[in-house]
2 protein chains.
Amino acid sequence: MTTRKALDAAVTDLMQAIGLLVRRARVVGASQELSWTESFVIGRLAKDGPATTAELARAEGVKPQSMGTTIAVLEDMGLVERTPHPTDGRQVNIALTAKGAAMRKHSKDAKLAWLAEAVARLDEQERDTLFKAGEIINRLVKH
Amino acid sequence: MTTRKALDAAVTDLMQAIGLLVRRARVVGASQELSWTESFVIGRLAKDGPATTAELARAEGVKPQSMGTTIAVLEDMGLVERTPHPTDGRQVNIALTAKGAAMRKHSKDAKLAWLAEAVARLDEQERDTLFKAGEIINRLVKH
DNA sequence: TATTGTTATACTCTATAACTATA
DNA sequence: TATAGTTATAGAGTATAACAATA
């Protein structure tokens with residue numbers, strides 16, 4: 001049953017479903033102030049504390065230059081702030097501001113809220129499958 | 001265990017994993033000739049036969065105008081062809097060409113090939129979880 | 001020289017808006 | 001009028017390239 005062909009078909013279906021999910025979430029959150037990467041940066045800073053541009057870029061799977069752009073946007077919004085690294089003059093520490101922490105707490109992200117609501121309507125077992133799949137994907141993308 | 005807060009956290013983790021997967025796949029297939037949507041259009045045409053622009057747009061979760069652009073690209077590559085609808089002069093039928101069918105058969109898509117390979121290395125149970133999650137997501141996005 | 005980050009520019013995918021042709 | 005599709009333009013997100021500052 002696990003012929004190469006069947007596997008390819010199943011993987012294609014999986015990615016199509018994921019593609020639909022991502023597009024759907026984008027539409028739902030179109031009027032929202034935070035993009036995916038922006039949300040995740042806020043979440044990461046809230047969970048693990050301040051980090052450098054390079055660290056955040058690695059965590060999100062984007063180039064440091066792209067992360068720099070994202071951080072500039074968040075800084076303009078007053079959600080994060082840059083402070084110089086204590087010993088290494090090249091590095092810059094990115095930290096949540098009080099406003100950023102508050103936004104995180106109030107979970108203002110429409111995209112995630114929409115998905116959370118949909119997931120909440122699933123039964124226990126399906127939710128479990130979904131979250132287990134998330135863990136598996138996490139392992140996959142890290143080689 | 002299913003407090004709202006725990007659910008939000010789990011959903012956030014899930015979407016972050018999915019975000020990483022999508023970006024990772026993009027990097028892997030950067031030198032490739034087909035985008036996600038292009039691949040899926042080819043796949044859909046191969047599986048279900050010819051379709052109109054509007055049908056394809058609905059299936060992929062994009063606007064008809066965006067799908068029109070995608071189809072134009074595929075047509076330039078010689079992978080699909082437009083033929084007038086037999087009875088309704090407004091509609092256009094999109095069908096795979098021989099070249100498109102061949103490309104589909106040889107599974108030239110580096111992004112999917114990379115993922116298929118990674119999935120093949122999982123054990124039976126994990127693969128199953130992943131594909132079940134795909135079905136659940138499919139239901140979620142369709143309301 | 002290697003590393004961290006910034007600035008400038010370009011590309012990909014999708015959206016909105018305005019239009020044509022057919023029903 | 002309503003529907004299918006096309007064309008033009010814009011926006012979001014990320015990439016590459018070139019650069020400055022520091023280690």
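Just the heavy atoms: all of them, side chains too, but no hydrogens, waters or symmetry mates, feed the values below. Throughout, protein chains are lettered first and strands after them, A, B, ... in sequence-line order, and every chain is numbered starting at 1.
- Picking from dG5(C), dT16(D), dG5(D) the nucleotide with the shortest atom distance to the side chain of R82(B) gives dG5(D).
- With hydrogens and angles left out, the side chain of S66(B) and the base of dA15(C) share a donor-acceptor pair within 3.5 Å.
- Ranking dG5(C), dT14(C), dT14(D) by closeness to the R26(B) side chain, first place goes to dT14(D).
- Sequence order on DNA chain D of the closest nucleotides to T70(A) and D88(A) puts T70(A) first from the 5' end.
- For S35(A) and dG13(D), the shortest distance from a side-chain N or O to OP1 or OP2 is below 4.0 Å.
- Rounding to the nearest 0.5 Å places CD1 of I42(B) at 5.0 Å from CG of L96(B).
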### Query
Under the side chain to side chain contact (heavy atoms under 4.5 Å, CB included) criterion, do L34(B) and L74(B) qualify, and how do the steps go?
CA-CA 9 Å; L34(B) 294 185; L74(B) 290 172; 4.0 Å; yes
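- Considering only the side chain of A54(B), dG5(D) comes nearest among dG5(D), dG13(D), dA15(D).
- Atom CD in E75(A) sits about 15 Å away from atom C1' in dT7(C), given to the nearest Å.
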### Task
Give the C-alpha distance, both sets of side-chain angles, the deciding distance and a yes or no for salt bridge (Lys or Arg N to Asp or Glu O under 4.0 Å) between E60(A) and R44(A).
CA-CA 9 Å; E60(A) 302 303 333; R44(A) 156 93 188 203; over 6 Å; no
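- When the C1' atom of dT7(C) is taken as reference, atom NZ of K63(A) falls 18 Å away, rounded to whole Å.
- Regarding I94(A), its CD1 atom lies at a distance of 12 Å from the C1' atom of dT6(C), rounded to whole Å.
- Mapped onto DNA chain C by nearest heavy atom, G89(B) and W36(B) fall at different nucleotides, with W36(B) at the one closer to the 5' end.
- Phosphate contact (OP1/OP2 of dT14(C), side-chain N/O of R23(A), threshold under 4.0 Å): present.
- When each of dT3(C), dT3(D), dT16(D) is scored by its nearest atom to the side-chain atoms of R90(B), the top-ranked nucleotide is dT3(D).
- Distances were taken from every side-chain heavy atom of Q65(B) (C-beta onward) to each of dT3(D), dG5(C), dT6(D); the shortest belongs to dT6(D).
- One interatomic measurement links the two molecules: CD of E60(A) to P of dT14(D), which rounds to 9 Å at whole-angstrom precision.
- A sub-4.0 Å separation between OP1 or OP2 of dG13(D) and a side-chain N or O of T69(A) is absent.
- Rounding to whole angstrom units, NE2 of residue H85(B) and P of dT22(C) are separated by 15 Å.
- R24(B) places its CZ atom 23 Å from the P atom of dG13(D), with the value rounded to the nearest Å.
- Taking atom CE of residue M77(A) and atom C1' of nucleotide dA12(D), one finds them 12 Å apart after rounding to whole Å.
- For R127(A) and E124(A), the salt-bridge test passes: some basic side-chain N is under 4.0 Å from an acidic carboxylate O.
- Rounded to whole Å, the distance from CG on L34(B) to C1' on dT12(C) is 14 Å.
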### Task
Determine, stepwise, if the pair S39(A) / R104(A) fulfils side chain to side chain donor-acceptor pair (under 3.5 Å).
CA-CA 9 Å; S39(A) 292; R104(A) 174 72 182 165; over 6 Å; no
